[in-house]
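These notes concern the structure reproduced below.
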Amino acid sequence: MQQRYDAIIVGAGMAGIYAVYHLRKLGLSIKLFEAGSSVGGTWYWNRYPGARVDIESMEYSYAFSDELQQEWQWSERYAGQAELSRYFEFVTDRFDLRRDMQFNTRVSSARFDEDTAEWIVHTSDGASHRARYCVMTTGLLSAPNKPEIPGLESFKGPVYHTGLWPKEKVDFSGQRVGVIGTGSSAVQAIPLIAAEARHLTVFQRTPGYAVPLRNHPMPAEYQHKVKANYAEWRHKERYESFGGWVSVHYEPVPLMTQMALDVSDEERRALYEDRWQSGGLALYNVYPDVYVNREANDTLAEFVREKIRARVNDPATAALLTPNFPILMKRLIADTNYYETYNRDNVSLVDISKQAIETITPNGVKANGQEYECDSLVLATGYDAMTGALTRMDITGRGGVKLTDHWAQRARTYLGMMCAGFPNFFIIDAVGSPSVVFQPIFVSEEQLNWVGECIQHLDANQQRTIEARAEAEDAWGEECERALQATLFPTTNSWYVGANIEGKSHKGLIYLGGMAEYRRWFHEETARGYPGFVLTSGVREGAAA
Ligand code: N01
């Protein structure tokens, strides 16, 4: 017997938790399936040493309930993985959401049944379920990218991926450890692994720009100040910021309008120094021309390059660690003692930029003609971001069309939420949305509020299904592309533009028009009666009259 729900939600990360809360509040019967044994998504799986958020805790949190905002106490300026996990557990239990969640259950396939206009969802426990709506809260960075390095399977010791870290502590003491990759995950893990291991060898293909996070215990007066004015802070974060955060030196700082090339070198440097001292992602709030003009971007890039050189003792190692592409176009990395780690005697850096790793041997890694012996390997090699979690599932829409075929040329969505031929199938916090450059919890709250309105509209108007129009998908792809091409983002290879996955098109992957503009798009759709969507008639069983 198949269980029937109004909505099936896939994934209990930050978006899935809010989806259960919100859709239940609207009176829908729901079921959430989650592969892990509890909630938290990215903060459930990423247990590698040093995993920590790089948007301030006061800002990287739900805004939907003021009671929740007031009750929860953050202990650090930037919460670590364990505290973030506790936060998501707390939210889940505070609103009694767990009773609609089934853990240790992976969704293997979802198929649209045209006769009943329902989704049939198969799960790893062998069961199948039916639902009018599918809400995919499967995550932006949740499908680990495990590169095909020859010989990897032959390695004798354990191989870890940062995005699938074991629950038990991994003890590297006395070991020779190899880390492959130098993105945000590696930069957080490397100093802690180095402090424990006998020797650490880092294999670097491309250096990143890392800036100090400057984490410390949460100042009580700051927490108090934000809580006293949370609505105002949230408004600023949402509508007056680049990425959904506004705090610089614990004050909300508005977006700048002055251009880098219009001020003196001294004034520019003083601003960069101020942001640098504030720590973390404050360097995103600088002159807007750094995003669009290479010369302006160079002023900031060179500032950070100088800082990197000053932190590394050996000039040859410093040179290898210094990037030469535009800054901020690849996610800025926030570090704690990353560059200083290369001043340790037990750490070596291997440049694999000119020649890829030749092979993994049973005893280590062979690169540049030399074998580096390792007892354990850490793949900090990132994700098939934005699309991977969905393309790795077997999803079939109208007419038996697979999502992987629909996306074969490029990932097509309208407003980053719906696809043509996939009725009542909502994608949250993933491809075609601002989530990659914006505080993702905000984006998911906004999107899910829109999904709720949309479902209410269908019920109120006796409509059965909604899906994107193919023309609207095309137009959205063009809109995403227009915003992307107006910046320096396409000049840099990163997961933002799909460059880390062979054959992935950047078109339509991310929306860079800003959160305010993004909201305007989808609220206009609602106000104008969903012109970018096809709606079909028919009453949903059990819908309120
Ligand atoms: O992944 P990445 P990540 N051989 O894709 C290298 C968020 N995040 O997990 O640059 C050798 O950035 C690859 O090299 P290259 C954040 O948004 C946030 O670190 O492609 N190397 C690169 O160095 C971040 O951007 C936080 O040349 C290979 C690395 O692996 C996103 O997650 C913490 C390779 C992958 O870097 C992803 O970060 C952690 C190969 N075959 C993550 N394949 C915070 O909140 C890949 N690489 C702080």
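Residue indices begin at 1 and follow the sequence shown. Fair warning: this is a prediction, and the values are worked out from it, not measured in the lab. First listed ligand is number 1; within each ligand, the first listed atom is number 1.
- With sequence neighbours left out, His249 forms a side-chain hydrogen bond (donor to acceptor under 3.5 Å, both in side chains) with Asp274.
- The side-chain hydrogen bond (donor to acceptor under 3.5 Å, both in side chains) test with Arg311 is passed by exactly one of Asn337, Asp335, Thr341: Asp335.
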Please tabulate, for the side chains in residues 10-17, all donor-acceptor contacts under 3.5 angstrom to protein atoms that are two or more places apart in sequence or on a different chain.
none

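- Side chain to side chain, Glu83 and Ser75 meet the donor-acceptor criterion of an N or O pair below 3.5 Å.
- Because its NZ or CZ atom is both nearer than 6.0 Å to the ring centre of Tyr44 and within 45° of the ring axis, Arg47 counts as a cation-pi partner of that residue.
- Protein residues with a heavy atom closer than 4.0 Å to ligand 1 are Tyr48, Arg52, Val53, Asp54, Leu141, Pro147, Ile180, Gly181, Thr182, Gly183, Ser184, Ser185, Gln188, Arg205, Thr206, Lys330, Arg331, Ile352, Ala380, Thr381, Gly382, Tyr383, Trp495, listed by chain and number.
- Taking the salt bridge (Lys or Arg N to Asp or Glu O under 4.0 Å) definition, one finds that Glu371 meets it with nothing, sequence neighbours left out.
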